[in-house]
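We're numbering straight along the sequence, starting at 1.
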Amino acid sequence: MNRFATLAQPRREAPSKGSASHWFWAIIAGFSIPVLIVIFGMVAALIEHRDLPRRGDGFTREVAGQHTVELGTYLNVRVPSSFATQAPFAQLTELVVIAIAISAVFCLAVWMNRRASDRRTREIVKSLHQRVLKQSLRRAESEGAAAQRSRAKQLISKDLPELGVGLSLWHRVIPRSVLMLVGCVVLALLVNVWLAILAVISGAGLWRLYSWMRSPDWLQMSRFEIPKVRERLVSLISDAPMMARLQAGGLADHAFEAELESLDRWVAGDDARRGRLWPVLMFSGSIAIALLVMGLGANILHGQQGLSLPASLVLGLALTAAAFSAARLSELARQLRRSSRSCESIYLYLQRGDDVAPSERLVGLAGLRDSVDLRDVSLNDAGGKPILRDLSLSLRPKSLVALLGTDDVSTQSLTELLMGFGRPHKGLVEIDGISLRDIHPQALAKQVMWIAPDGPLWEGTITENLMAGLSKSVDKRDMVNVLEELGIYEQITRLSDGLDTMVGPVTELREGRSSDGLSMNSRYTLGIARALLHRPPIVLAKEPPAPTEHLSNDPCLQAMKTLSQDGALVLVLPHRLQTLRQSDRVVLLNGANLVGEGGHTELLNSSDLYRHLNYLLFNPYRHRSGN
């Protein structure tokens, strides 16, 4: 039963709409099948006694003024006198109409139950998506934004869909299939107690035998081991010619024979298990059927009243429906085994930690006056691998700094630290002497702006993307002047709605452009325009790949120079040689270590690594070197 409690946490989420209707339709669907089986039994009884008078001893029996239809030892269905006195064809017509009506109600109930179940599941999964977003923002402060990106991908692409499948199946099976199973078993017991018990025991025994003979552990082991042995055989065959030249004294042949024997044992064991599965099951099934026949024969030969054809039909249909319900519950159990892992992963991620200081203990920040200082900062990934090691750096305003490294993770993580994402395992990050840990995230967000290769742009118009969060007074003319300065205004006017064109995150690029008509370089330029309008004291930018044609004058680079000259600290992750040349300072990382800093020319003269990276990343002829 523990397995059926694995989804207790998502089922306890905020009440969702339609829970009452879900239970109503589940109960209707669960009890419709037993009622329909009884109607079929009555039809069979009518057909069996078609030549009886309207009031006889076969189809209907009058006891104390009540007309009943006998469908088993304890299953006597009372019918109105008006029905019992009708002609047989009229009775048949009425029963068929009732059966069709119940079938229609059952189909409607299943459909409505499915709709209610799916709706509840969607609301819960949607709520969990929103909680994942909030938790990722919170965890980013201590673990870094890059770690949240990979974790969110796992949660959203795999864990949440898997949880949704299990949750939807749960709502569809519970209580519908449980009610159907209980109703059909009770119906079978009312027809004949001992035959029903014997059938249930036989069916459960066959299922346990099948599960045991399937031996999931063995199947998983064979599926894992057999391909591995075959890979080793391929490796030995490929190495055999070289081994023959080494005169190894037949060691290669012995190794091959040993692996071949291992493969033969695994295949033989697999074949033996598969070969005896169905014969054993068929023999066991034959024994179970023989026992049922013996029980039925004993009932007929020695009982006072044997099972009639209608009673046998009701018993068979009830047991069949019970078997289908049990199979549905078994399917739910298998799905819960998969969904439980996803559920644990999701709620483990959503657990609140105590590593982030409460908001009331944090302070604000008013610009950048002196410097951003990193003092002996060390940062590791989840596996303990160093991302930054003992990094000490002082970054001052009114400077354009290029950050170049051999590992993108290290340079990206350094910019994330300045945005307040990630907690160093050692050392301090300070802005004007205030530890980053003590600065409120919202206050930091007003002082630091991130410019990504794609902007970033969110769902909204170009104007909304540029003006969002702008505290100072800026009119539309200022925005147009900035776009003209960056050389992108004319391109925007050619879009369908100009500055009111709807844009959004990049999902796919076709012919270098997204669905909104903007190229990657244009989106980056809009990010620069946003910085020119907002004028934050700290600007962090990651350049997009350089265009194929050489730009003698890059307006985006000139804009960043302007921002730095006006007092901002601009830190760039460069993809263009021009950026390195015009930077006031270049910071060079080799993996997790700081290995150099200075001007572009100075590092070219003093650092072999810097010269190598310049050739590897910025030489326009590097792709032709193999021709």
(request) Measure the shortest side-chain to side-chain distance between I346 and L155 over non-hydrogen atoms and say whether it is less than 4.5 angstrom. (result) yes

(request) Please answer whether the main-chain N or O of S342 pairs with a side-chain N or O of E162 as donor and acceptor at a distance below 3.5 Å. (result) no

(request) State, with a plain yes or no, whether a side-chain heavy atom of L588 is found less than 4.5 Å away from one of L613. (result) yes

(message) Do the side chains of R585 and E602 get close enough for a salt bridge, i.e. N-O under 4.0 angstrom?
(response) no

(request) Answer yes or no: is there a donor N or O on one side and an acceptor on the other, between the side chain of R535 and the main chain of L532, under 3.5 Å? (result) yes

(request) To the nearest 0.5 Å, tell me how far E430 CD sits from L436 CG. (result) 9.5 Å

(request) Ignoring hydrogens and angles, tell me if any N or O in the side chain of T461 forms a donor-acceptor pair with the backbone of E464 under 3.5 Å. (result) yes

(message) Please tell me whether D376 and S392 have a donor and an acceptor in their side chains that are separated by less than 3.5 angstrom.
(response) yes

(request) Just do the side-chain hydrogen bond (donor to acceptor under 3.5 Å, both in side chains) check on Q335 and R338 with the steps written out, would you? (result) CA-CA 5 Å; Q335 178 60 45; R338 296 189 294 269; 2.6 Å; yes

(message) Let me confirm one number: the CG-CD1 distance from L563 to I451, rounded to the nearest 0.5 Å.
(response) 7.5 Å

(request) Could you tell me whether D390 and K426 have a side-chain N and a carboxylate O separated by less than 4.0 Å? (result) yes

(message) Assess, by modelled atom type and distance only, whether the side chains of T525 and S522 contain a donor and an acceptor separated by less than 3.5 Å.
(response) no

(message) Any donor-acceptor pair under 3.5 Å linking the side-chain atoms of S371 with those of D373?
(response) yes

(message) Just so I know, are the side chains of L569 and V539 near enough to count as touching, which here means a heavy-atom distance under 4.5 Å?
(response) no

(message) Donor-acceptor check, side chain of Q491 to backbone of I488, threshold 3.5 angstrom: yes or no?
(response) no

(request) Kindly state whether the ring of H575 and the ring of F618 have centres lying under 6.0 angstrom apart. (result) no

(message) For the backbone of S410 and the side chain of S413, can you confirm whether one donor and one acceptor N or O come within less than 3.5 Å of each other?
(response) no

(request) With the side chain counted from C-beta on, respond yes when L609 and L603 share a heavy-atom pair under 4.5 Å apart, and no when they do not. (result) no

(message) Test side-chain hydrogen bond (donor to acceptor under 3.5 Å, both in side chains) on S168 and D118; report intermediate values, then the result.
(response) CA-CA 6 Å; S168 178; D118 290 344; 2.6 Å; yes

(message) Which residue in the set K561, R396, K398 passes salt bridge (charged side-chain N to carboxylate O under 4.0 Å, His left out) when paired with D584?
(response) K561

(request) Could you tell me whether K542 and D408 make a salt bridge, using a distance below 4.0 angstrom between a side-chain N and a carboxylate O? (result) no

(message) Can you tell me how far apart CE (M467) and CG (D478) are? Round to the nearest 0.5 Å.
(response) 8.0 Å

(message) I'd like to know if the side chain of S607 and the backbone of L604 have a donor-acceptor N/O pair within less than 3.5 Å.
(response) no

(request) Examine distances only and state if a side-chain atom of R530 and a backbone atom of P456 form a donor-acceptor pair shorter than 3.5 Å. (result) yes

(request) Can you see which heavy atom on P453 is nearest to which on E543, and at what distance? (result) CG-O, 4.0 Å

(message) Using the side chain to side chain contact (heavy atoms under 4.5 Å, CB included) definition, which of the options H22, R172, H171, R119 pairs with R114?
(response) R172

(message) Contact between L163 and T121 at the side-chain level, heavy atoms closer than 4.5 Å - yes or no?
(response) no

(request) Quick one: closest heavy-atom pair of S21 and A116, and the distance? (result) OG-CB, 4.1 Å

(message) Using a strict threshold of under 4.0 Å (side-chain N to carboxylate O), is an ion pair present between R576 and D554?
(response) yes

(request) Report the distance from atom CG of L379 to atom CG of L414, rounding to the nearest 0.5 Å. (result) 9.5 Å

(request) Measure the CG-CD1 distance between L557 and I528 for me, rounded to the nearest 0.5 Å. (result) 9.0 Å

(message) With a 4.5 Å cut-off on side-chain heavy atoms, are D407 and L589 touching?
(response) no

(request) Ignoring hydrogens and angles, tell me if any N or O in the side chain of N605 forms a donor-acceptor pair with the backbone of T601 under 3.5 Å. (result) yes

(message) Once rounded to the nearest 0.5 Å, what's the spacing between atom CH2 of W458 and atom CG of N465?
(response) 5.0 Å

(message) Just to verify, which of L404, L393, L391 counts as forming a side chain to side chain contact (heavy atoms under 4.5 Å, CB included) with V587?
(response) L393

(message) Please find the pair of heavy atoms, one from N113 and one from W25, that lie closest to each other, and give the distance.
(response) N-CB, 3.9 Å

(message) Quick check: do I431 and L444 have side-chain heavy atoms less than 4.5 Å from each other?
(response) yes

(request) Kindly indicate whether the side chain of L466, heavy atoms from C-beta on, has any atom under 4.5 Å from the side chain of V482. (result) no

(message) Quick one: does any side-chain atom of T501 pair with a main-chain N or O of D497 as donor and acceptor, under 3.5 Å?
(response) yes

